[in-house]
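Worth knowing before you read on, the calculation uses all heavy atoms, side chains too, and leaves out hydrogens, waters and symmetry mates. Since the structure is predicted, the reported quantities are computational estimates derived from the model, not experimental observations.
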Amino acid sequence: MAESESAPGIDTVAGGVEAGLARLVRLPWLGWLSRLSRGDRAAIGVTIGAHAALVIITYYSSWIQGGNHSLEPLTGSGAFQFWDAKRYVNYAQHGLFSGASTPNNAALLPGYPLLLAFVHLLVRNWLASVLLLSLLAGCAAAVLLNRMAGSTRAGLFLFTAPAAVFLTVGYSEPVFLAFAAAAWYAAQRGEWSVASLFAGLAGLTRIDGLALIPALVLFALTRPGAARRLSAASGAAAAAVGPFLYVLYLRRTTGSWSAWQQASRAGWNLRIDWPWIAIRDSWRNAYEDHWSSAYYPWSWSFELELVCTIAAALLVIALLARHEWPEACYCALVLASMVCVNYQMGADRGLLVCFPLYLLLARAADRRPWIGSAYVWVSAPIALLLAGLYTTGNWAN
C-alpha cells in the first residue's frame, strides 16, 4: 500500500515522530541517527513518546488526586514503582536471600534485576536506572519489531497496547520483549547461535521464555532447507540451559527443585490448575458475584483479564489460519500460561508479550490502513486510562 494511502491517524503520529527525529539528526552529536532506517527512527520516536506520555500522566494524576503542583511526583519512585516493580528493585539491591530481601523474590526470574543492578552501577539512582533500562529495552524491542514487519507501525502498535504502561515502568516486559524479538529476528536470518543466546536470556527474564524456546525449535524444524534443520533446532533447544541454570541455582541454595513454584504460591498464591477454573473465577468476579464480593471495586480488572484472554485466543486462531506455526506455538503457550492457573492476574501482560500480534497488525495495516487506525483509536485511549490507574496505585487490589 502506498504511503499516500495510509490512514490519517497513523500518518499523523508517524509523521510527527519522523519530523522530530529529522531535526535531531542535524545535531552533530546525534548524527548517528541518520544511519538508522526510517522504521528504526519511528520505533525510537514512539518509545520516547510513550515515556514522555508516562511522565505527563504521572504528573497530572498526582495533581488531580492530591493537588500536588510540585515536581515531587516525578522525582520520587512512588508513582512509577508499585507491586512487582518494588520487588524487582529490592531484588537488584539485595539479591534473593539476604536479610533485606523481600520474601519470595525467587518467583521473579533474575534477568531483569541483574540488568537493573548493572545499570545502577552507571547511573547511581534506582528510579533513573529503572526508567533508563525500560527506555533502552523498549527502543530495542520496537526497532526489531519494525524490522521484522518491514513497517514503521509495529512499534507503534506495541506502545499503544492496553497494558503498554508496563513497558515504561519497572517491570520485566520491555527487557523480555527485547530479548525475544532479538531471538526471533536472528532466527529469521538463520543466525541460530545468536537466536539461542537471546532466547536463553529471555528465559532468564520471564516465564514466557519457556514458550519462546519450543516455538524457536519449531521455527527451525519448519524452515526451508532440510539439511540444517536438526542442527538449527538443537541450537534453539540449547536456550533452555538459561532457565535451567536458575532452577539449578535455586536447588543448590534452597535444597528444593520446586523453589520457584513454592515462591509463586507463597508470594502470589499462584499455582497450576485447570484452565476453566481461572476463567470461571474471572467471570464470576467480573459479572456475577462482584456486587457482594470484596473484589467489586476491581471488577473491571477481571473484565480486562477475560478480554485479553479472548484476544490471545483469537490471535492464535488467526496465526493458525495463516499457517504461521511457530508464531502460533509461542502465542498458544503464552495463552496457556494465562489460563492454566488457579486465578488470573496477568492476562493483559501476557497479551502484551505476544509480539506476533504487532507484526500481524503492521502487515495488515500496510494493506488495509483502516485496520491500524481502528486498533490505535480503540487501544490507545485504554492504554492511557490504564497508565493513569497504575500511576495512582489503582491498577489492582
| message | Using every non-hydrogen atom in the two residues, find where F157 and A365 come nearest and quote the distance to one decimal. | response | CZ-CB, 4.0 Å
| Aromatic rings Y88 and Y171: how do their planes relate, parallel, tilted or perpendicular, breaks at 30° and 60°? | perpendicular
| message | Can you tell me how far apart CG (L315) and CD1 (I310) are? Round to the nearest 0.5 Å. | response | 13.5 Å
| request: Evaluate the side-chain proximity of R153 to L361: yes if any heavy-atom separation is below 4.5 Å, no if none is. | output: no
| message | Could you report the tightest heavy-atom contact between A106 and W260, atom names first, then the distance? | response | O-CD1, 3.3 Å
| field | Heavy-atom donor-acceptor pair, T391 side chain to G388 backbone, under 3.5 Å | value | yes
| Are any of the side-chain heavy atoms of L320 and W325 separated by less than 4.5 Å? | yes
| Is there a path of hydrophobic side-chain contacts, each under 4.5 Å between heavy atoms of I, L, V, M, F, W or Y residues, that connects L218 with V316? | yes
| said: Taking V89 as the starting point, is it possible to reach L132 by hopping between hydrophobic residues whose side chains are less than 4.5 Å apart? | reply: yes
| said: Any non-hydrogen side-chain atom of I371 less than 4.5 Å from a side-chain atom of Y375? | reply: no
| task | Please lay out, stage by stage, how S234 and S231 fare under the test side chain to side chain donor-acceptor pair (under 3.5 Å). | result | CA-CA 5 Å; S234 300; S231 62; over 6 Å; no
| query | Do the side chain of D348 and the main chain of A163 share a donor and acceptor less than 3.5 angstrom apart? | reply | no
| Please walk me through it: do R223 and R228 pass side chain to side chain contact (heavy atoms under 4.5 Å, CB included)? | CA-CA 9 Å; R223 68 193 292 262; R228 298 190 59 191; 4.1 Å; yes
| said: I'd like to check C308 versus M338 (side-chain heavy atoms, cut-off strictly below 4.5 Å). Are they in contact? | reply: no
| request: Sequence neighbours left out, what passes side chain to side chain donor-acceptor pair (under 3.5 Å) with R87? Give chain and number order. | output: N105
| query | Going only through I, L, V, M, F, W and Y residues with side-chain contacts under 4.5 Å, is there a path from F244 to L212? | reply | no
| query | What closest approach, in Å, do L351 and Y358 show between heavy atoms, and which atom pair accounts for it? | reply | O-OH, 3.6 Å
| query | Are the side chain of E305 and the backbone N or O of A347 linked by a donor-acceptor pair below 3.5 Å? | reply | yes
| said: Measuring from atom CD1 of I56 to atom NE2 of H51, what distance do you get when rounded to the nearest 0.5 angstrom? | reply: 13.5 Å
| Does a side-chain heavy-atom distance below 4.5 Å link V119 with L136? | no
| message | Do L210 and V341 sit in one hydrophobic cluster, given that two such residues count as connected whenever their side-chain heavy atoms are within less than 4.5 Å of each other, even indirectly? | response | yes
| request: Calculate, to the nearest 0.5 Å, the distance between atoms CD1 and OG belonging to I207 and S337 respectively. | output: 8.5 Å
| query | Judged by atom type as modelled, is there a donor-acceptor pair below 3.5 Å linking the side chain of Y246 to the main-chain atoms of T205? | reply | no
| request: Spell out, yes or no, whether L109 and M345 are grouped together once hydrophobic residues are joined by side-chain heavy atoms under 4.5 Å, including indirect joins. | output: yes
| Taking the side chain as C-beta and beyond, is there a heavy-atom pair between R349 and F176 under 4.5 Å? | no
| task | Measure the CZ-CZ distance between R189 and R147 for me, rounded to the nearest 0.5 Å. | result | 8.0 Å
| said: Check whether N104 reaches the backbone of R265 with its side chain - one donor and one acceptor, N or O, closer than 3.5 Å. | reply: no
| So, for A92 and A117, which heavy atoms are closest and what is the spacing to 0.1 Å? | O-CB, 3.9 Å
| request: Measure across C139 and T47 and return the closest heavy-atom pair with its distance rounded to 0.1 Å. | output: N-CG2, 3.5 Å
| task | Quick one: list whatever passes side chain to side chain donor-acceptor pair (under 3.5 Å) with S282, sequence neighbours left out. | result | Q344
| Is there a donor-acceptor pair under 3.5 Å between the side chain of S379 and the backbone N or O of T160? | yes
| Hey, does the side chain of S151 reach the backbone of R363 with a donor-acceptor pair shorter than 3.5 angstrom? | no
| Which distance, rounded to the nearest 0.5 Å, do you find between the CG of L314 and the CG of L335? | 10.0 Å
| request: Please check if the side chain of N285 supplies one atom and the backbone of D281 the other of a donor-acceptor pair under 3.5 Å. | output: yes
| Nearest non-hydrogen partners of V217 and A237, listed with the distance | CG2-N, 3.7 Å
| request: Nearest 0.5 Å please: distance from the CG atom of L116 over to the OG atom of S129. | output: 6.0 Å
| Which pairs pass salt bridge (Lys or Arg N to Asp or Glu O under 4.0 Å) with one or both residues in residues 199-212, sequence neighbours excluded? | E173-R206, R206-D208
| Within the 6.0 Å centroid threshold, strictly below: Y330 and F219 | no
| Student check: side-chain heavy atoms of V339 and I277 closer than 4.5 Å | no
| query | So, S196 and S193: side-chain donor and acceptor under 3.5 Å apart, yes or no? | reply | no
| Within-4.5 Å side-chain heavy-atom neighbours: L250 and S256 | no
| message | For W274 and W276, take the angle between the two ring planes, folded into 0 to 90°, and tell me which bin it lands in: parallel under 30, tilted 30 to 60, perpendicular over 60. | response | parallel
